[in-house]
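One structure is given here, and the rest of the page talks about it.
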Amino acid sequence: MSNFGSVKVRFAPSPTGELHLGGARTALFNWLYAKKHQGSFFLRIEDTDKARSKDVFTSQILDSLKWLGLDWDEPLIYQSGRQERYKYYIKKLMDERKAYRCFCSKSDLENIKEDSYALYPGTCRSLSSDEIKTKLNQGKSFTIRIKLEEGYTEFKDLVYGAIKINNKELDDFIIARSDGSPTYNFTVVVDDYEMEISHVIRGDDHLSNTPKQLIIYKNLELKAPIFAHLPMILGSDKKRLSKRHGAPGVQSFKDKGYFPDSLLNYLALLGWNPKNEKEVLDADELINLFSFDQVQKKGAAWDEKKLHWLSGQYVQNKNSQFLLDQIRLLDSDWGKNSDISTLINIINSLKPRAKSLHEFIVKSKHFFIAPDTYDEAERLKAWPDSNATEIVGQCSDILTSLDTWSSEVLESEIKSFASKKSYGLGKVIMPLRLAVFGSLDGPALFDIISILGKTETLHRIQYASTRMPT
RNA sequence: GGCCCGUUCGUCUAGUGGUUAGGACUCAGGAUUUUCAUUCCUGCAACAGGGGUUCGAUUCCCCUACGGGCUACCA
């Protein structure tokens, strides 16, 4: 923490799309840093691009942040409501002659520049006041450009270290458009200053913008914050994640039944490492361990397989009642005809097999719906001949005669039957499993039968026997 | 084109001027299990290339290649 005051950070999404993985990671690191230093975490909606900004995206972004548990401090800032402040600072620069009007039109600029890469040559930089007056009287529109001085601009990035660039590489860039609206680099500076942001933590696509912003700070004579740039998150093709390339939204992970804490955990591991070998870390641990010197400089491709694995680790650590509540949030109809204790039993039986809430829903299907068809390959495997049919029939008789219906009793009865007949256990269990569950995969057979109950189990066997080899 | 940034197993990463270059995910094989999964064990697999500096470089420096970013009256 700096000696100058408390840590204040911000996440500044533009509402031109939903929150995707990259944005979520940026928000997370800001949040972690704020929490670690008992600082504040603010949100600023950069909605000045009127054409692309939409309110629905703002609320989607806020919803996603809430879901992730990245709580922010008030107030929520909208750039669109701050036009007067930008004007104030632009006027200040104009008054102090640290910025100037540029009357060049777009086509002028195309002609002036030798090629499209060339810097603005400063055509209007030293117009006389008479010239300016004349152009103004002619009603010529103008932009406002910042006046660069010779020299170097340097700063120390918390992730990338010392960065130094020659101001010659930059030109007198535009800070206000011809309609008077400020450009991004300018609004960021004004906002971060007025919000008293101590640390600007953002994607490294802004690394090259930082010198420009520093020049604005300098011309405005404002104290600049500390910068920390985060490497990009890439897709599996190693390309930068962006809205245009179909970057997955946070919402889609919620829909797939991933837990917010597992996604947060995963995201934290992308571009940062806790410097120990423990990877399953809750928010408190992340906060505790977080540090910029363990942040990577290179982009990181995200990998759903690992997220899936991590999610599975979280499933194992959740209690079953919680899982039930969460499943119901995803699908309010799930198991609606069963009582709670049955549902808890189902969840328990599926727990080691499910890596997301969604998988509970998929894998539990045949607890609720009796199978009516059987996969051909599985039939061949479990019911190769009439022998299987006979075994299932004998099991059915045993089950019918049972009064006590528990996993343990079922197991011992079926096992003793198998050994009495000298059947391998698989010879008994496989055909039975297919008959009652419609699948060769799934929870322990005796758990299935015990959860299904006597009536349902016998029904299913009865139906299956009509489909078995004779 | 210019400037900035980067490059360790397929992926996420640890790491050091002298290491059998470590872990995790994935994948393969094995053990356990009534199936699947879990769990456990084993295995495959990396320092982009070339020059230096050095007794010795994956590690420090330079170049090249490759990748990314900025170079907008987008953010």
Side-chain angles (χ1 to χ4, degrees), chain A residues 12-16 46-49 51-53 79 102 104-106 109 115-119 141-145 157 159-161 163-166 168-171 173-185 187-188 203-212 229 231-232 234 236 238-240 266 269-280 294 296-310 312 315-316 350-355 359 363 378 381-382 411 414-415 418 424-430 432-434 437 439-446 448:
Chain A
S14 59
T16 54
E46 307 213 325
D47 56 350
T48 50
D49 184 342
R52 293 195 299 146
S53 294
Q79 278 193 329
C102 171
C104 300
S105 69
K106 267 186 184 173
L109 290 173
D115 62 74
S116 57
Y117 292 120
L119 299 174
S141 69
F142 59 88
T143 59
I144 292 175
R145 290 180 183 270
D157 188 274
V159 173
Y160 286 91
I163 310 263
K164 179 180 181 181
I165 80 129
N166 191 330
K168 280 183 190 148
E169 306 297 340
L170 271 20
D171 59 7
F173 56 92
I174 292 171
I175 55 173
R177 305 180 184 92
S178 44
D179 66 0
S181 65
T183 57
Y184 168 74
N185 283 123
T187 59
V188 168
D204 77 6
D205 47 339
H206 290 294
L207 200 54
S208 304
N209 285 325
T210 307
K212 295 182 198 172
H229 288 90
M232 298 282 98
L234 317 172
S236 50
K238 286 290 204 170
K239 296 276 184 228
R240 174 189 175 186
Y266 178 73
L269 260 18
L270 221 45
W272 171 79
N273 90 86
K275 204 149 176 149
N276 64 38
E277 290 186 346
K278 190 179 174 201
E279 293 196 309
V280 182
Q294 290 301 314
Q296 211 70 219
K297 294 186 185 71
K298 63 165 179 172
W302 80 281
D303 174 20
E304 183 150 14
K305 289 221 177 81
K306 183 143 185 178
L307 169 62
H308 199 244
W309 169 80
L310 194 57
V315 169
Q316 303 316 313
L350 252 17
K351 213 162 156 178
R353 293 167 178 78
K355 292 196 166 73
E359 289 183 3
K363 291 173 193 282
E378 297 199 331
K381 200 171 166 191
E411 181 164 0
I414 297 295
K415 278 186 173 169
L425 207 48
K427 275 264 183 271
V428 178
I429 281 173
M430 294 300 265
L432 248 191
R433 167 185 290 281
L434 187 57
F437 208 57
S439 162
L440 258 27
D441 299 346
L445 177 65
F446 304 111
I448 293 174

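Throughout, protein chains are lettered first and strands after them, A, B, ... in sequence-line order, and every chain is numbered starting at 1. Just so you know, these numbers use all the heavy atoms, side chains as well, and skip hydrogens, waters and symmetry mates.
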Whole-Å distance between [N] [atom2] and [X] [atom1]?
X: A:Leu445; N: B:rA37; atom1: CG; atom2: P; value: 17 Å
X: A:Phe437; N: B:rU34; atom1: CZ; atom2: P; value: 18 Å
X: A:Asp171; N: B:rU71; atom1: CG; atom2: P; value: 10 Å
X: A:Leu207; N: B:rU71; atom1: CG; atom2: C1'; value: 14 Å
X: A:Asn185; N: B:rU71; atom1: CG; atom2: C1'; value: 12 Å
X: A:Asp441; N: B:rC36; atom1: CG; atom2: P; value: 7 Å
X: A:Trp309; N: B:rG23; atom1: CH2; atom2: P; value: 14 Å
X: A:Tyr117; N: B:rA72; atom1: OH; atom2: C1'; value: 13 Å

Please state the [atom1] separation for the pair [N] and [M] - nearest whole angstrom.
N: B:rG50; M: B:rG30; atom1: P; value: 39 Å
N: B:rU64; M: B:rC25; atom1: P; value: 40 Å
N: B:rU8; M: B:rC3; atom1: P; value: 24 Å
N: B:rG68; M: B:rA48; atom1: C1'; value: 16 Å
N: B:rA21; M: B:rG43; atom1: P; value: 15 Å
N: B:rC40; M: B:rG49; atom1: C1'; value: 42 Å
N: B:rU7; M: B:rU13; atom1: C1'; value: 14 Å
N: B:rC9; M: B:rA45; atom1: P; value: 14 Å

Base, sugar-phosphate, or nothing for [X], non-hydrogen atoms under 4.0 angstrom?
X: A:Ser236; answer: nothing
X: A:Pro443; answer: base
X: A:Asn209; answer: base
X: A:Leu270; answer: sugar-phosphate
X: A:Glu279; answer: base
X: A:Gly271; answer: sugar-phosphate
X: A:His206; answer: base
X: A:Lys351; answer: nothing
X: A:Ala444; answer: base
X: A:Lys363; answer: nothing

[X], nearest nucleotide to its side chain (from [options]):
X: A:Glu169; options: B:rC73, B:rU34, B:rC3; result: B:rC3
X: A:Met430; options: B:rC12, B:rG2, B:rU35; result: B:rU35
X: A:Arg353; options: B:rA37, B:rC73, B:rU71; result: B:rA37
X: A:Asp205; options: B:rU34, B:rA75, B:rG69; result: B:rG69
X: A:Asn273; options: B:rA37, B:rC73, B:rU13; result: B:rU13
X: A:Lys306; options: B:rC25, B:rG68, B:rA14; result: B:rC25
X: A:Asp49; options: B:rU11, B:rA37, B:rA75; result: B:rA75
X: A:Ile163; options: B:rC5, B:rC70, B:rA37; result: B:rC5
X: A:Met232; options: B:rC5, B:rG68, B:rA75; result: B:rG68
X: A:Ser208; options: B:rU38, B:rG69, B:rU34; result: B:rG69

Which value, rounded to the nearest 0.5 Å, describes the distance between A:Met232 atom CE and A:Asp205 atom CG?
->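 Between atom CE of A:Met232 and atom CG of A:Asp205 there are 4.0 Å.
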When rounded to the nearest 0.5 angstrom, what distance separates CG in A:Leu434 from NZ in A:Lys381?
->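 Spacing of CG (A:Leu434) from NZ (A:Lys381) equals 10.5 Å.
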Toward the 5' end of RNA chain B, which comes first, A:Thr48 or A:Glu277, by nearest nucleotide?
->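 First, find each residue's nearest nucleotide; the 5'-ward one identifies A:Glu277.
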If you pin A:Ala301 and A:Arg433 to their nearest nucleotides in RNA chain B, which one's is more 5'?
->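 Final value for this comparison: A:Ala301.
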Partner nucleotide, any strand, of [N] [Watson-Crick/G-U, under 3.5 Å]:
N: B:rG1; answer: B:rU71
N: B:rC44; answer: none
N: B:rU11; answer: B:rA24
N: B:rU58; answer: none
N: B:rC66; answer: B:rG6

Quick one: the side chain of A:Thr183 and the base of B:rC73, do they pair up donor-acceptor inside 3.5 Å?
->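 Not at all, since no donor on one side and acceptor on the other fall under 3.5 Å apart.
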Measuring to OP1 and OP2 of [N], would you say a side-chain N or O of [X] lies under 4.0 angstrom away?
X: A:Arg52; N: B:rA75; result: no
X: A:Lys239; N: B:rG68; result: yes
X: A:Lys275; N: B:rU13; result: no
X: A:Gln296; N: B:rA14; result: yes
X: A:Lys297; N: B:rG68; result: no
X: A:Thr16; N: B:rA75; result: no
X: A:Lys238; N: B:rC66; result: no

A side-chain contact here means heavy atoms from C-beta on lying under 4.5 Å apart; do [X] and [Y] qualify?
X: A:Asp49; Y: A:Ser14; result: no
X: A:Phe173; Y: A:Thr143; result: no
X: A:Tyr184; Y: A:Asn209; result: yes
X: A:Arg353; Y: A:Glu359; result: no

Are a donor atom and an acceptor atom from the side chains of A:Asn185 and A:Thr183 found within less than 3.5 Å of each other?
->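 No, A:Thr183 and A:Asn185 have no side-chain donor paired with an acceptor closer than 3.5 Å.
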Might you point out which heavy atoms bring A:Ser439 and A:Arg433 nearest each other, and give the distance in Å?
->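 That would be O-CG, 3.1 Å.
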Count the heavy atoms belonging to other residues, nucleotides or ligands that lie under 6.0 Å from NZ of A:Lys351, then report whether that count exceeds 12.
->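 Atom NZ in A:Lys351 is crowded, with more than 12 foreign heavy atoms closer than 6.0 Å.
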Criterion side chain to side chain contact (heavy atoms under 4.5 Å, CB included) against A:Pro182, the qualifying member of A:Thr48, A:Ile175, A:Thr187 =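 Among A:Thr48, A:Ile175, A:Thr187, the one that satisfies the side chain to side chain contact (heavy atoms under 4.5 Å, CB included) with A:Pro182 is A:Thr187.
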